[in-house]
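Pasting in a structure now, in structure tokens, and then I'll have a few things to ask.
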Amino acid sequence: MLKGKTNKFFMILTLFVIAMILITVFLLFQNKTQNHSAKELFDKVKDHPTMGHKDAKVKVVEFGDYTCPYCKALNADIKKHLYKDFDKKDVSFTYATRSVHGEVSDLGNRAMHAVHINAPDKYWAFHQAMFDKQTDEAPESWMNEKTIQQVLKYIGVSESKRQKIQDAYQNPKSEAQAKLDQDKILADEQNVKQVPSVFVNGHKVENGTDYKQIKAQINKELKQK
């Protein structure tokens, strides 16, 4: 009787140990997969506009659109809080595009890439000014070439560079268009259905409009480093 109980105990113990090993292997595999996913995402946007250190422990990637009011609100929160809450050597912020209003959005997002290619030192000023230009009216009423040219002049882009930028966002075969096309493919790969969509080290934040959730995910990632 005692021998039977002992065998049963060891069988249960063995099953428990096996279960723990399997769980550990699964968690290690999941973590490795997530780390690979994070690296893969950042590798695909590493030539996009980025604030903070390129080797930061935590990499934040936003997919946005200048015609999106929620993106405008998040931009204000990022500008106000991100680098007060975190050091630039620890957290980087990268902006990619996801057009939500067809060609109207494409125009602004193509211009975004054109500015970053031809006048990278003016990019973040352009980024802010484009959101400042956003109104409550339909996007097609204000997102146009006139607005883009006004913004370029306002932020001090030289005439020669303005012409290069204009040529780039008007040309369907330009590098700016190619980068916009790459953004569309990447957004589809990441299952980005709405903007803003925010990823922290490859983890999609449940509510990309909520800076508090973004901050919490950043803190979680920093504690794991």
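Side chains are part of it too, since the values below use all heavy atoms of this structure and drop only hydrogens, waters and symmetry mates.
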Determine whether more than 12 heavy atoms belonging to other residues, nucleotides or ligands lie under 6.0 Å from atom NZ of K72.
->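 Above 12, so yes.
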
State the CD1-CD1 distance between I165 and I117, to the nearest 0.5 angstrom.
->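 It is 9.5 Å, given to the nearest 0.5 Å.
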
Should we say atom CG of D136 is surrounded by more than 12 heavy atoms from elsewhere, each under 6.0 Å from it?
->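 No, not enclosed.
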
Cluster question for you: counting only ILVMFWY and a side-chain heavy-atom cut-off of under 4.5 Å, with indirect links fine, are Y154 and L152 together?
->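 Result: yes, single cluster for both.
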
Which residue, W124, F126, Y123, forms the side-chain contact (heavy atoms from CB on, under 4.5 Å) with I155?
->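 That would be F126; it is the only one of W124, F126, Y123 passing the side-chain contact (heavy atoms from CB on, under 4.5 Å) with I155.
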
Going by an N to O cut-off under 4.0 Å, is there a salt bridge joining D188 and R98?
->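 Yes, D188 and R98 are salt-bridged.
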
Are any of the side-chain nitrogens in E221 or K59 under 4.0 Å away from the carboxylate oxygens of its partner?
->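 Looking at K59 together with E221, the answer is no, because their closest N to O distance does not fall below 4.0 Å.
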
Stepwise salt bridge (charged side-chain N to carboxylate O under 4.0 Å, His left out) test for K184 and D106 | CA-CA 10 Å; K184 290 179 179 180; D106 282 351; 3.1 Å; yes

Inter-residue atom distance K133.NZ - K146.NZ, 0.5 Å rounding =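 So the NZ of K133 and the NZ of K146 are separated by 8.5 Å.
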
So, D47 and K179, do they make that salt bridge, N to O below 4.0 Å?
->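 Yes, this pair counts.
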
With sequence neighbours left out, what residues match D181 under salt bridge (charged side-chain N to carboxylate O under 4.0 Å, His left out)?
->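 So D181 forms no salt bridge (charged side-chain N to carboxylate O under 4.0 Å, His left out) with any residue.
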
Those residues that, when tested against H81, pass ring pair (Phe, Tyr, Trp, His ring centres under 6.0 Å) (two or more places apart) =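 By the ring pair (Phe, Tyr, Trp, His ring centres under 6.0 Å) rule, H81 matches Y211.
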
For salt bridge (charged side-chain N to carboxylate O under 4.0 Å, His left out), just list the numbers for R110 and E103, CA-CA rounded to whole Å, side-chain angles, deciding distance to a tenth of an Å, and then say yes or no.
-> CA-CA 10 Å; R110 198 162 47 243; E103 180 52 35; 2.9 Å; yes

Neighbour count >12 (heavy atoms, 6.0 Å) for atom NZ, K204 =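 Yes, the 6.0 Å shell around NZ holds more than 12 heavy atoms from other groups.
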
Step-by-step side-chain contact (heavy atoms from CB on, under 4.5 Å) determination, L74 to T209 = CA-CA 6 Å; L74 178 62; T209 68; 5.8 Å; no

Calculate, to the nearest 0.5 Å, the distance between atoms CD and CG belonging to Q149 and N144 respectively.
->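 If we round to the nearest 0.5 Å, Q149:CD and N144:CG are 10.5 Å apart.
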
Pairs meeting criterion ring-ring contact (aromatic ring centres under 6.0 Å, His included) with involvement of residues 82-111, two or more places apart =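 Sorted result for residues 82-111: Y66-Y95, Y95-H127.
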
